[in-house]
Protein chains: 2
Amino acid sequence: MAEQNQELRKAGLKITLPRVKILQILEASEGGSQHLSAEDVYRALLAAGEDVGLATVYRVLTQFENAGLVTRHHFETGHSVFELAKGEHHDHMVCVASGDVVEFTDPVIEKRQHEIAEEHGYELMDHSLVLYVRKKEG
Amino acid sequence: MAEQNQELRKAGLKITLPRVKILQILEASEGGSQHLSAEDVYRALLAAGEDVGLATVYRVLTQFENAGLVTRHHFETGHSVFELAKGEHHDHMVCVASGDVVEFTDPVIEKRQHEIAEEHGYELMDHSLVLYVRKKEG
DNA sequence: CTAGGTGCAAATGTTTTGCAGTGAC
DNA sequence: GTCACTGCAAAACATTTGCACCTAG
């Protein structure tokens with residue numbers, strides 16, 4: 001349970017119960033590769049018997065995002081989802097039927113993105129790639 | 001002014017003033033490759049002296065989207081932007097400084113996307129690629 | 001102690017909806 | 001005339017903020 005505290009300290013944030021708990025929830029979700037909404041995190045806190053306000057969840061997630069601990073995605077759902085920022089960058093594949101999220105990276109695509117930005121006189125700062133897919137039969 | 005009416009009729013929508021006007025505004029924005037928010041369209045209507053409610057703008061844009069006349073994007077702004085659906089698919093490059101939007105397509109990336117989906121046992125239905133870029137110096 | 005963190009409630013911004021009136025066909 | 005369409009106001013969301021209280025360091 002000490003590692004989380006290190007991460008928080010490194011980000012210049014005080015070690016508080018809501019922050020530690022939220023970090024734990026995000027880490028716990030890593031296995032299932034869930035991408036959690038603020039609401040999801042909030043419900044997980046309530047389910048764990050923690051009395052944390054939704055406003056605090058938003059504040060903490062935003063702080064985590066600024067600190068680089070967490071990445072915010074918008075997909076096409078009208079609300080944000082958050083995931084723990086692992087070291088390496090990756091893109092997403094979302095199943096339109098089940099909502100499953102698969103992460104991937106592809107060097108060919110990464111390289112072309114840089115080239116395309118250059119060709120248009122721009123420098124690539126960041127990008128967002130989401131494939132909407134459906135599981136194949138048999 | 002007849003072409004718009006054809007498009008509306010084809011979509012099974014009655015030819016009404018708000019719909020025709022909104023279609024015109026979207027077409028007028030094509031030159032500058034603007035991607036308009038509902039609010040933008042609403043303001044353009046008011047500026048043109050048309051008394052159309054914001055709710056109607058949303059309803060009409062949603063109908064246009066369902067009819068395939070218009071494409072809705074979310075980028076990372078917290079609100080939707082709309083553009084006339086031209087025949088061919090394209091992706092977007094958004095300048096983080098100026099907000100300028102450049103459209104592009106790249107066959108290499110398109111091809112890899114299909115391959116990647118296949119490799120994971122999925123069929124590619126759709127995708128969204130946005131490059132966040134900054135204009136290069138001199 | 002005290003600056004930063006928190007909960008709650010109210011405010012914000014975007015998009016949707018209920019309903020009674022209006023207009024296209 | 002009828003039924004789809006519209007405007008308006010209110011509702012529904014997702015997210016943010018103001019403020020008085022609380023707590024980690």
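In what follows, every chain begins at residue 1, and chains take the letters A, B, ... in the order their sequences are listed. FYI, side chains are in, hydrogens and waters are out, and symmetry mates aren't considered; it's all heavy atoms of this structure.
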**OP:** Using the heavy-atom set of chain A and a strict 4.0 Å cut-off, write down the first and last nucleotide of DNA chain C that makes it in, 5' to 3'.
**Re:** C/dA3 to C/dA9
Subject >> For atom NE2 of B/His79 and atom C1' of D/dC13, their distance in whole Å >> reply: 17 Å
Original post:
Looking only at side chains, do B/Thr56 and B/Arg19 share a donor and an acceptor under 3.5 Å apart?
Top reply: no
Original post:
Taking only N and O in the side chain of B/Thr16, is any of them less than 4.0 Å away from OP1 or OP2 of D/dT6?
Top reply: yes
Subject >> Between B/His74 and B/His79: side-chain donor-acceptor atoms closer than 3.5 Å >> reply: no
Original post:
Just by distance, with hydrogens left out, do B/Glu119 and B/His114 show a side-chain donor and acceptor under 3.5 Å apart?
Top reply: no
**OP:** Would you tell me whether A/Glu103 and A/His89 have side-chain atoms, one donor and one acceptor, within less than 3.5 Å of each other?
**Re:** no
Original post:
Counting only heavy atoms not in A/Arg112, do more than 12 fall under 6.0 Å of its CZ?
Top reply: yes
**OP:** Starting at atom CZ of A/Arg72, determine the distance to atom P of D/dA14, rounded to an integer number of angstrom.
**Re:** 14 Å
Subject >> Length of the line joining A/Glu39:CD and D/dT16:P, which is rounded to integer Å >> reply: 14 Å
Original post:
How do A/Leu17 and B/Leu17 order along DNA chain C: which one's closest nucleotide is nearer the 5' end?
Top reply: A/Leu17
Subject >> 5′-ward residue of the pair B/Lys14/B/Asp51 relative to DNA chain D >> reply: B/Lys14
Original post:
Taking atom types as modelled, is there a side-chain donor on A/Asp91 or A/His127 under 3.5 Å from an acceptor on the other?
Top reply: yes
Subject >> Side chain of A/Tyr58 (C-beta onward), nearest among D/dT6, D/dC8, D/dT16 >> reply: D/dT16
**OP:** Could you say whether A/Gly53 or B/Leu13 is positioned toward the 5' end of DNA chain C, judged by the nucleotide with the nearest heavy atom to each?
**Re:** A/Gly53
**OP:** Looking at every strand, decide which applies to B/Ser37 at a 4.0 Å heavy-atom threshold: base, sugar-phosphate, or nothing.
**Re:** nothing
Original post:
Are any of B/Arg59's side-chain N or O atoms less than 4.0 Å away from OP1 or OP2 of D/dA4?
Top reply: no
**OP:** Could you tell me the separation between the OH atom of B/Tyr42 and the C1' atom of D/dT6, rounded to a whole number of Å?
**Re:** 13 Å
Original post:
Can you say whether the rings of B/His120 and A/Phe104 are parallel (under 30°), tilted (30 to 60°) or perpendicular (over 60°)?
Top reply: tilted
